[in-house]
Structure formats: C-alpha cells, structure tokens
Amino acid sequence: MFGLIDGNSFYCSCERAFNPALRGKPLVVLSNNDGCVIARTQEAKDLGLKMGDAWHLVRQKPELRDVEWRSSNYALYGDMSRRMYEVLLELVPLVEPYSIDEMFLDLTGLPGDMTARCIAMRDAVRRIAKIPTCVGIGPTKTIAKLANRIAKGDRAGSGVCNLSSADVRASAYEKVLIGDLWGIGRASVGKLGALGIDTIAQFVALPPDRVRDLLTVTGLRTHAELRGISCMPLSLIPPAKKSLAHTRSFGEAVTDWDAMREAVGIYTVRAAEKLRRHGLMASAMQVFMRTNEFNNDSKYANSVTVPIETTADTFALVDAATKAAFRLWRDGFRYAKAGVIFIDLYPTAAVPASLFPSRDPEHSARLMTAMDSINRRFGRDAVWPGGVKPEARWQMRRARLSPCYTTRFDQILEARCGGRSVLLED
DNA sequence: TCTGGGGTCCTAGGACCC
DNA sequence: TCTGGGGTCCTAGGACCC
C-alpha cells in the first residue's frame, strides 16, 4: 500500500513557518525573476489567482492590491523539504522523495488503522516541520496521488483520503475528471475528450489496447495502475541524473555580446558547481539563447550541442560554453534568456582516464576542490574564473526574497526575550 | 518595463550497417 | 525488368511532471 504526502501550498507554507504575520493572508510566491505566480495560499486561490499568472498583470488589479508576495527562495524550501522527510522517516520505514514537496510512503504491513495513522503522521509534520500537508492512500502510486488530490479538495475533511477499498475507488472514479489524473496532461485530455471520455471511470472502462494506441505505453501504465496493478515501485535510490542545467531569463534584455558572454559564463560556473556537488562529469553540453517569446521583439532562438572532453572543470566548461554561445550569437536582437545544459553525465569515479588530456586531471580536480571549498567557507562567489565577473544589470529580479532562515548563519531568525517573542509554534 | 526553471520518458524518422 | 530484411544509433519534438 502506498501513501503520498504533500505540503499544502508548499512554498507559501515555508514562508509562513517563519513569518506568522503572513498567516491567514492571501500570499503568493513568484517564479525566478518575479515573473509569474508559482504557489498560492488558499486565501489567494479564493481571490481567483491562478498558477502561472503573470505577476506584472496581477499587480495592476486593484482588488488584488493586498495580496502578499515573495520571491522564491529555493534554499529555504529545499531545507524545509529535508526536514519534512526526516520527520517522516521516523514514522514510516520507507520514504521516497518525489519532488520538493511530495513524498511517497510505503504503508505496507503497518499495524492499526491506516487512515488514523496518516492523520497522526500529518499532525507530526505540522508540529515538527511546520508544514501543513495532505495524505492520499492507495494500492498504487497513481491511486495514492489521486487520493491526495481528493484530500486536498475536501477543505472540511481530515486531510487524509483513503482509496484502498475498491468500492470507494469506483465511486471516486465516477466523480473525478480525467485531466486531474497524474500522467494525463492537456494533449491526452483532448484526445480522450474527442471520444467522449471525460471521467476516470470512463477511462478505466477502455480496453488496454485502445489506451495504448491512443496514449502510448505511459498512458497504458496509468490505466493499469488505476485498476490496482502497481507498475511503479517505490525506489529508495534516486536514479542517476541524465542532464543538469542552469538556465535563466534576464532581468533586462541583453543586446551586446559581452553581456551574453558573461551571462553564459556565469550560468556555466553555476552548472559546473552543481555537477561537482553531484559527483558527476559531463561529456557534452548544450547552449541556447533566445529572444522574448511574448512581446513584439524580432524573434530568434537557437541552440547548439557540443561534445566535450569529459570533465567537471569550470575553466574547460566555461571555455566550451563561450565558444558555443559565440556560434549562436547574432547581432541586433534583444535576448531575453539563455542557458547551459550538461548532458551525457558520468559519475566521476567511472570516467576512464583520457590518453591525451588537454588539462592535467589531477591538477584540475585539486583546483576545483580548492575553489569549491573557498566558496563554501568565504561565501558563494568568493573566487571566480577571470573574465566571468557577475554584472548586476541583467541579473534576475528577486525583489522580495525572504532570508535563508535555516541555511545561512547570517540570516538566522532572531528571537528576543522580554518583548513579544517570535515563536515558531502556533 | 514586466510572462520560471529543471527534469524524464517516448516515438518517429533519418543515417547507417551488414 | 527488377530494388530485401533486419538491425542499431542518434536526434528532434512532443508530452508530461513539479
């Protein structure tokens, strides 16, 4: 039996955990660059705010003037996610983190009433990790996801929905739309809708061959899972990464090559840091740049994939990325976004020695280790490759960034004795 | 002025091989 | 006049997820 627990309005809940003044108020968290809405509290949903709403348009509406907002703070959310995971590990033997705010649980063989257990689990996460959650229970991951969705929709309920019984499932399938299913997106809803299939019950009634023809093997898997056949086991070992990227929209359009070169250089430095954190090396990279997709600027978008000598060396990677970017660069456009994606990744330990390396691998490894530890000790960006100096002009906007309460000592929450103390407890 | 970022998986079609 | 069969690998693009 599977459980799926997920944080309600997770990013907003993280902000609220450290700022009680935000409780009970409509609050949204914005994407990078303060571009669009990516998390909303119930109060904000009630005001009609949608996922993906462009913030600059929302702000203009007078009735939404009092909506609180924050720039996204992934260092904080990632750490809160870890706390949630640790609380759960104490209560359930197997926990599989699925996304920053969701974890699958193995509930097989746990004694006592399943629903009651999950209610207690939810309380513990609320109390210790300060995150309100909902839990779905079912014999497959897809059904647990569905149950979770139903729990979230039932605002007066216990926050737990148990679909382990076939009868309860059958009646739920009648009421839920196919588009609310995990794995069924817009395109599939269109295809099924054309055949008059709108509810999960109708979908489940289709013959498997028909489902495969329509939605390929992924659709077939969802179909089987809904019928109680588990096709997605719990995996405790996270699968090896296949790609790793750093891509950003610019705060302000980039029009000269120097600024683009710097941007791509910095994105490469970041991606290379991430590469080393994961103990990986890349043997190919993709670089892209593009103009704004939404406004009336003349359009240009291009990307190039280049093989590289397998490495995690920032200098080598910046060099390759800069050359690739130069091939893409065309004068006269207003660039809005660029990115660097590493593909063909290998664990550092598994990379065979090159016969004629262009850089001494041992020297490179020592240099990278030194660079990373200096930056860890003296703050991010204490040392940089020459020629890749960050320039504020085009960097992303993050106008209302909350402190990294839990990951940086200089931003830790202050509590005062005597006056009104800032407590994390309710 | 202003519309995110980072992933995975599947399929079709082309290039190439014997 | 006639033009196979079987296979692999790579890439681009679509679809989906959070």
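This one's a predicted model, so the numbers in the text were calculated from it and none came from an experiment.
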Exercise. Just by modelled atom types, is the A/Cys231 backbone N or O under 3.5 Å from a matching donor or acceptor in the A/Glu225 side chain?
Worked result: yes
Exercise. What do you reckon, is NZ of A/Lys61 surrounded by more than 12 foreign heavy atoms closer than 6.0 Å?
Worked result: no
List, with names and distances, any nitrogen or oxygen atoms from the protein found under 3.5 Å away from nitrogen or oxygen atoms belonging to nucleotides 12-16 of chain C.
| residue | atom | partner | partner atom | Å |
| --- | --- | --- | --- | --- |
| C/dC16 | OP1 | A/Gly185 | N | 3.0 |
| C/dC16 | OP1 | A/Gly185 | O | 3.3 |
| C/dC16 | OP1 | A/Ser188 | N | 2.9 |
| C/dC16 | OP1 | A/Ser188 | OG | 2.5 |
| C/dC16 | OP2 | A/Arg186 | N | 3.2 |
| C/dC16 | OP2 | A/Ala187 | N | 2.9 |
| C/dC16 | O5' | A/Gly185 | N | 3.4 |

Problem set entry | Carboxylate-amine/guanidinium contact A/Lys152 A/Asp6, below 4.0 Å | yes
Exercise. Looking for any heavy atom pair under 4.0 Å, which part of the strands does A/Glu293 touch: base, sugar-phosphate only, or nothing?
Worked result: nothing
Problem set entry | Pair A/Glu68 + A/Arg70, salt bridge at N-O below 4.0 Å | yes
Exercise. Name the stems that DNA chain C belongs to, where each is three or more consecutive Watson-Crick or G-U pairs with both distances under 3.5 Å?
Worked result: B:5-18 with C:5-18
For this session: Could you check how far CZ of A/Phe288 sits from P of C/dT11, rounded to whole Å?
Result: 19 Å
Problem set entry | Min side-chain heavy-atom separation A/Ser235-A/Phe104 under 4.5 Å | no
Seminar exercise, completed: Residue pairs passing the salt bridge (Lys or Arg N to Asp or Glu O under 4.0 Å) test with at least one member in residues 193-214 of chain A, sequence neighbours excluded, are none
For this session: Check the angle between the aromatic planes of A/Tyr267 and A/His246 and answer parallel, tilted or perpendicular using the 30° and 60° thresholds.
Result: tilted
Problem set entry | A/Phe326, CZ: over 12 other non-hydrogen atoms inside 6.0 angstrom | no
Exercise. Distance between the C1' atoms of C/dG4 and B/dC17, in whole angstroms?
Worked result: 14 Å
For this session: Quick one, give me the B/S/- string for nucleotides 2-9 of chain B, reading 5' to 3', where B means a protein heavy atom under 4.0 Å from the base and S means that only happens at the primed atoms, P, OP1 or OP2.
Result: BBBSSSSS
Exercise. Does anything in residues 301-310 of chain A pair up under side-chain hydrogen bond (donor to acceptor under 3.5 Å, both in side chains), and if so which pairs, sequence neighbours excluded?
Worked result: A/Tyr300-A/Asn302, A/Glu309-A/Ser358
For this session: If a pair satisfies salt bridge (Lys or Arg N to Asp or Glu O under 4.0 Å) and one of its residues is in residues 88-99 of chain A, list it, with sequence neighbours excluded.
Result: A/Glu96-A/Lys141
